[in-house]
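Structure first, commentary second.
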Amino acid sequence: MEKIVLPDIKDVHLIDVYLRNEGYNGAKKAFTLQPDEIIEQVKRSGLRGRGGAAFSAGLKWSFMPKTTDKPKYLCVNGDESEPGSFKDRQILEHNPHQLIEGILITCYAIGAKTAYIYIRGEYHKWIKLFEKALADAYANGFVGDLMKEKFNTDFFCNIYVHKGAGAYICGEESSLMNSLEGHRGYPRVKPPFPAQNGLWGCPTTINNIETITNISPIIMKGWEWFSKIGEPKHPGTILYGISGHVNKPGVYELPTGMLLTDLIYKYAEGVPGNKNILCVIPGGSSMPPLRGDQIDGVKMDAESLRAAGSAIGTAAVIVMDEDTDLVKVLERIAKFYHHESCGQCTPCREGTGWILKILNRIADGNGSIHDLDLLVSVAGNIEGNTICALGEAAAWPVKFMIQRFRDYFDKRVSREVNIPPINKVHSMRHTEIPLADGSIIT
Amino acid sequence: MEFKFTEDNLKRIEESLSRYPQKRAALMPVLFIAQEQNEYISGEVMTEISRILEITPEDVLGVVTFYTMYHQQPVGKYHIQVCTNVSCMLKGSSGIYERVKEKLGLDHMQVTKDKLFSLEEVECMGSCGTAPMLAVNEDYFENLTKEEADQIIESLKNRN
Ligand SMILES: Cc1cc2nc3c(=O)[nH]c(=O)nc-3n(C[C@H](O)[C@H](O)[C@H](O)COP(=O)(O)O)c2cc1C
Ligand code: SF4
Ligand code: FES
């Protein structure tokens with residue numbers, strides 16, 4: 001199988017090796033085309049974002065205004081903080097020049113002279129590795145002023161690394177831009193979208209690292225080639241990251257639309273001790289979990305997973321065997337979203353806290369059957385009522401885990417309901433919820 | 001006590017400023033430089049940064065408190081971070097975290113008396129496929145066993 005993003009070329013992270021393997025030829029070719037032609041090719045290739053939402057990359061670029069007095073920017077999203085995701089760091093380590101080349105082509109296509117790559121702060125090592133590659137690219141004239149000579153073009157752009165400082169929410173695109181501007185990482189209300197109003201109020205495109213790393217091969221080999229790989233509606237390869245209870249966890253680059261069971265049993269070599277699978281989260285902890293007995297025939301692409309009741313997210317597959325304590329898992333997930341909520345929206349800020357407290361109680365063995373309905377209700381009142389999609393990310397695991405594993409959760413709570421059901425927990429004026437044990441959460 | 005950046009760091013700040021069209025955008029990199037020099041972000045550090053970037057000290061404080069990697073108290077010489085998020089949890093990270101807690105006698109965000117160690121329970125670090133993990137300052141240790149976690153702590157102790 002052909003690999004696009006992480007090719008099997010030894011030491012391709014070194015600029016010499018990269019150059020010997022047609023490195024920077026994609027950019028060379030791109031600069032002979034018109035920016036619009038590039039956007040059109042990327043659109044036709046069918047490339048969709050690898051950062052979570054699977055939005056068409058070419059279409060997103062086409063939203064950038066053609067005429068504007070303002071500078072335009074490219075942001076490359078390397079915040080990679082979604083629990084279960086560890087793929088972008090492989091690109092930073094093993095194929096940084098293809099990422100840099102993708103940035104050059106993208107900047108040219110959208111008319112940006114400056115690109116910022118926002119990398120999560122904990123990735124000290126990978127930031128250093130990428131910075132080394134970037135310095136080599138600068139020194140060899142592939143980035144910055146010297147590009148004009150090197151590529152014999154009028155175009156040039158600069159690439160800067162911006163280091164995050166430990167906040168999951170900064171992966172959300174508008175939060176990332178606020179963070180880059182030196183503010184708290186608060187997501188912005190959309191619209192306006194970044195193409196109109198991004199960094200410093202200027203037109204901005206934002207893409208994930210993996211998305212951008214696909215660009216040079218698409219330009220080199222043509223959109224038709226790319227569009228024929230994997231699932232027609234979501235073509236190309238994906239870096240599937242498999243973790244949890246599998247024998248060979250890791251990142252596997254394979255075509256889109258792989259069978260989830262093939263990923264788990266063929267590539268990750270199955271579950272230790274040949275245990276059954278209780279639950280799989282197919283796209284990172286924000287995405288709806290699937291029951292282990294419902295994964296047969298499920299394919300890993302945006303449409304197929306939607307049909308199966310989940311989402312592709314970052315293709316971070318988390319596998320849980322039959323002995324997993326799902327209450328503990330959900331409690332930990334809830335703790336994460338509560339910790340990472342930026343606090344701007346009441347439903348998210350308060351709701352994630354309530355969810356965590358209820359799950360703490362269930363995990364301690366003090367939950368009642370009513371708590372399960374309460375969890376679904378609180379989650380339902382976060383979903384759709386917030387500025388950014390962290391609301392959904394916090395709500396989905398809870399809602400779908402309880403609904404899909406109701407039998408499991410039922411066994412973990414007492415059947416006694418000793419308080420009247422509350423059906424208006426979502427009213428903003430009710431900040432107190434009486435709990436089964438008579439205490440109050442505020 | 002007044003805080004001043006070293007000459008070298010002032011140069012690094014200059015370089016940071018040149019990357020952005022507005023001064024304020026250099027706040028995050030400048031905070032990292034300050035933390036490197038001063039170990040933590042004190043009130044004096046924030047005042048000095050606000051002066052350099054022409055924003056208020058409150059602007060700086062707002063940012064410092066938003067991000068987990070800026071510390072307002074000194075952390076230990078070896079800041080141990082244990083991920084307990086889902087993928088690590090499935091691979092036994094709670095055992096690792098408990099072991100480290102016990103060994104150092106620390107809880108989340110505490111520092112040993114000799115200031116050698118501090119402990120932080122962290123969210124997903126991007127090592128899910130090589131779980132469980134812990135980080136010492138900037139370095140990751142992956143595919144850990146409890147025994148290896150012990151050894152890491154011991155070898156850090158012996159280094160001093
Ligand atoms: C809470 C939250 C966290 C996110 N974290 C990331 C991230 O770490 N990396 C990323 O590329 N996209 C992340 N996204 C998605 C971005 O908002 C954005 O859609 C993406 O970077 C666009 O790039 P793409 O179109 O190439 O996928 C996150 C979204 C949300 C709501
Ligand atoms: S949904 Fe949550 S994380 Fe997103 S803006 Fe609102 S409070 Fe912040
Ligand atoms: S869950 Fe621990 S590194 Fe991802």
> Considering only heavy atoms, which portion of V122(B) lies under 4.5 Å from any heavy atom of chain A: side chain, backbone, both, or neither?
Replying inline: backbone

> Considering only heavy atoms from C-beta outward, does the side chain of I49(B) approach that of F5(B) to under 4.5 Å?
Replying inline: yes

>> Tell me which of these, K248(A), K163(A), H183(A), has more heavy-atom pairs under 4.5 Å with chain B than the rest.
In response: H183(A)

>> Is M89(B) close to chain A through its backbone or its side chain, or both, or neither, when contacts mean heavy atoms under 4.5 Å?
In response: side chain

> How about Q73(B): does its CD atom have over 12 heavy atoms from other parts shown lying under 6.0 Å from it?
Replying inline: no

> Are the ring centres of Y116(A) and Y160(A) closer than 6.0 Å?
Replying inline: yes

>> Between S174(A) and Y186(A), do the side chains contain a donor N or O and an acceptor N or O under 3.5 Å apart?
In response: no

>> Is T84(B) close to chain A through its backbone or its side chain, or both, or neither, when contacts mean heavy atoms under 4.5 Å?
In response: both

>> So if I apply the side-chain contact (heavy atoms from CB on, under 4.5 Å) rule between Y140(B) and each of R89(A), K125(A), H124(A), which one comes out positive?
In response: R89(A)

> Is it the side chain or the backbone of R184(A) that comes within 4.5 Å of chain B heavy atoms, both, or neither?
Replying inline: both

> Just by modelled atom types, is the T6(B) backbone N or O under 3.5 Å from a matching donor or acceptor in the Q37(B) side chain?
Replying inline: yes

>> At a 4.5 Å cut-off on heavy atoms, which part of L199(A) comes close to chain B: side chain, backbone, both, or neither?
In response: neither

>> As a test of understanding, state which of E340(A), H339(A), E80(A), E82(A) forms a side chain to side chain donor-acceptor pair (under 3.5 Å) with Y168(A).
In response: E82(A)

>> Among A165(A), S85(A), S179(A), G166(A), which residue has the highest count of heavy-atom pairs closer than 4.5 Å to chain B?
In response: A165(A)

> What part of K328(A) lies closer than 4.5 angstrom to a heavy atom of chain B: side chain, backbone, both or neither?
Replying inline: both

> Hey, what do you get for CG (N247(A)) to CD (E269(A)), rounding to the nearest 0.5 Å?
Replying inline: 6.5 Å

> Q35(B) versus chain A, heavy atoms under 4.5 Å apart: side chain, backbone, both or neither?
Replying inline: neither

> What option among K335(A), K87(A), R332(A) has the most heavy-atom pairs under 4.5 Å with chain B?
Replying inline: R332(A)

> What part of V319(A) is in contact with chain B, defined as an atom under 4.5 angstrom from a non-hydrogen atom: side chain, backbone, both or neither?
Replying inline: backbone

>> Does any backbone or side-chain atom of I242(A) lie under 4.5 Å from a heavy atom of chain B? Answer side chain, backbone, both or neither.
In response: backbone

